[in-house]
Amino acid sequence: MKAIVYRSTGSWYNIKTETGKAMSARIKGIFKIDDITSTNPLAVGDEVIIEIESESANTAMITEILPRRNYINRQSPAHKMHHHIVAANLDQSLLFATLKDPKTSQGFIDRFLVTCEAYHVPAIVVFNKADLYKDKELEKYEALKEMYAAIGYRTVLMSVKTDQGVEEVRTALENKTTLLSGHSGVGKSSFINTIFPDLKLKTQDVSGWSGKGLHTTTFAEMFDLPLAAGGRVIDTPGMREFGLVDISRQELSHYFPEMARLINDCQFNNCLHINEPGCAIKKAVENEEINIDRYISYCNILDSIEEKKY
Ligand SMILES: Nc1nc2c(ncn2[C@@H]2O[C@H](COP(=O)(O)OP(=O)(O)OP(=O)(O)O)[C@@H](O)[C@H]2O)c(=O)[nH]1
Ligand SMILES: [Mg+2]
Ligand SMILES: [Zn+2]
């Protein structure tokens with residue numbers, strides 16, 4: 001029987017069968033997975049084949065993982081050589097960012113967008129806590145919105161507290177499987193609570209963002225949306241950094257849409273767009289066709305990628 005993984009808490013998985021029954025399941029034996037360095041063999045969103053173990057205890061054995069359509073992968077903060085699959089089989093991802101309490105940097109957003117491009121997951125950037133923004137933050141938002149719109153990314157200004165923009169984001173979730181991610185304290189679980197009348201996910205206490213970067217959500221978990229159109233949303237624990245996996249220095253510019261369309265115009269086909277002669281990207285930055293802040297993100301990410309030694 002087919003089932004989907006809704007939550008992983010270590011050796012046990014919460015799954016839902018294709019007939020809609022929720023069960024607990026374990027992996028039977030060891031099955032072959034492409035990437036043995038992953039810290040988690042199965043992720044939320046994975047489609048699996050199960051055998052019922054006990055009807056009375058409502059448990060099952062997972063015997064096989066079905067091929068993933070896509071996934072979001074990040075470097076494990078503790079072990080740089082390991083990676084962690086955040087979620088699989090996604091239709092889109094919503095990156096939650098805040099310009100205040102806490103501040104999300106553009107660098108963090110751009111790193112996440114690079115991963116979404118690399119794994120073919122469409123991304124929307126949601127700026128939450130709009131109720132806290134003063135003129136300075138609102139101006140910053142407008143500038144970011146314009147910058148991202150020019151390269152094909154949608155942004156939404158939202159406040160879970162005042163409901164501003166919540167309906168727009170809810171509509172974007174219809175009939176899709178959506179990953180929510182972002183730093184701790186940006187309001188991912190609060191957002192899910194507002195769109196699920198009955199769900200009471202744990203969120204940080206009412207004093208709001210404490211500045212300590214505490215993680216309130218500790219496991220990724222998927223929920224079926226209470227919408228006629230259907231859809232699922234995945235809440236995840238906040239992350240401090242977003243370590244890129246499996247992206248080489250040479251291919252990085254392919255995942256910046258505004259650079260990807262120009263790389264064939266560079267004089268050298270192995271151009272890294274730093275100080276090579278005849279570089280079309282550098283020229284576009286000088287002409288302001290490419291936003292300088294995006295180019296800075298590119299350079300910072302490039303610096304952080306170590307060339308693999310084969
Ligand atoms: N002012 C304001 N506070 C908000 C808003 N949305 C959420 N918060 C508060 O921000 C704090 C953090 O919210 P959470 O939903 O726990 O954040 P999270 O992203 O799930 O955090 P982790 O689970 O740690 O990753 C809570 O105290 C919320 O009440 C908002 O739109 N405006
Ligand atoms: Mg949370
Ligand atoms: Zn170049």
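Computation of the quantities below employed the complete heavy-atom set of this structure, encompassing side-chain atoms and omitting hydrogens, waters and symmetry-equivalent molecules. As the structure lists them, so they are numbered: ligands from 1, and atoms in each ligand from 1.
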Open item on the list: Does Ser297 form a side-chain hydrogen bond (donor to acceptor under 3.5 Å, both in side chains) with Arg111? I'd like the steps, not just the answer.
Closed with: CA-CA 8 Å; Ser297 281; Arg111 267 175 180 270; over 6 Å; no
- [ ] Using a strict cut-off of less than 4.0 Å between a Lys/Arg side-chain nitrogen and an Asp/Glu carboxylate oxygen, indicate whether Arg69 and Asp91 qualify as a salt bridge.
- [x] yes
Open item on the list: Heavy-atom distances under 4.0 Å decide this one: backbone, side chain, both or neither, for Asp131 against ligand 1?
Closed with: side chain
TODO: Record the part of Val160 in heavy-atom contact with ligand 1 below 4.0 Å; permitted values are side chain, backbone, both and neither.
DONE: both
Open item on the list: Under a 4.0 angstrom heavy-atom cut-off, which atoms of ligand 1 come close to Ser189?
Closed with: 15 (O), 20 (O)
Open item on the list: For N/O/S atoms only: which one belongs to His273 and is nearest the Zn ion (ligand 3)?
Closed with: ND1
- [ ] Identify whether the distance between the nearest side-chain nitrogen and carboxylate oxygen of Glu137 and Lys129 falls below 4.0 Å.
- [x] no
Open item on the list: Check this for me: does any side-chain nitrogen of one of Lys28 and Glu53 sit under 4.0 Å from a carboxylate oxygen of the other?
Closed with: no
TODO: Verify the ring-centre separation between Tyr133 and Tyr141: is it less than 6.0 angstrom?
DONE: no
TODO: Any atoms of ligand 1 less than 4.0 Å from a non-hydrogen atom of Gly185? List them with their elements.
DONE: 10 (O), 12 (C), 17 (O), 18 (P), 19 (O), 21 (O), 22 (P), 24 (O)
TODO: Kindly identify the option in Ser190, Pro237, Gly182 whose heavy atom sits closest to atom 13 (O) of ligand 1.
DONE: Ser190
- [ ] Work out which heavy atom in Thr171 is nearest to a heavy atom in Glu167; give both atom names and the distance.
- [x] OG1-O, 2.8 Å
Task: Donor-acceptor pair between Asp224 and Tyr6 side chains, under 3.5 angstrom - done: yes
Open item on the list: Applying a heavy-atom cut-off of 4.0 Å, say which part of Thr162 lies close to ligand 1: side chain, backbone, both or neither.
Closed with: neither
Open item on the list: Please report whether ligand 1 has a polar contact with Gly187, defined as an N or O pair separated by less than 3.5 Å (distance criterion only).
Closed with: yes
Open item on the list: Could you tell me, atom by atom, which parts of ligand 1 come under 4.0 Å of a heavy atom of Leu132?
Closed with: 1 (N)
Open item on the list: When you measure from the Mg ion (ligand 2) to the N, O or S atoms of Ser189, does any of those distances fall below 2.8 Å?
Closed with: yes
Open item on the list: I need the atoms of ligand 1 closer than 4.0 Å to a non-hydrogen atom of Asn128, numbered in the order shown.
Closed with: 5 (C), 6 (N), 31 (O)
- [ ] Check whether any N or O atom of Lys161, backbone or side chain, sits under 3.5 Å from an N or O atom of ligand 1, and answer yes or no.
- [x] yes
- [ ] Say whether Gly238, considering both its backbone and side-chain N or O atoms, lies within less than 3.5 Å of an N or O atom on ligand 1.
- [x] yes
- [ ] Check each atom of ligand 1 against the heavy atoms of Val186 and keep those under 4.0 Å away; list them by number with element.
- [x] 17 (O), 19 (O)
TODO: Check whether any N or O atom of Met158, backbone or side chain, sits under 3.5 Å from an N or O atom of ligand 1, and answer yes or no.
DONE: no
- [ ] Using the six-membered ring wherever Trp is involved, compare the ring planes of His273 and Tyr298 and label them parallel, tilted or perpendicular (cut-offs 30° and 60°).
- [x] tilted
TODO: May I ask you to decide if the ring planes of Tyr71 and Tyr119 are parallel, tilted or perpendicular, using 30° and 60° as cut-offs?
DONE: tilted
TODO: Of all the heavy-atom pairs spanning Ala22 and Asn58, show the shortest one and how long it is.
DONE: O-ND2, 2.8 Å
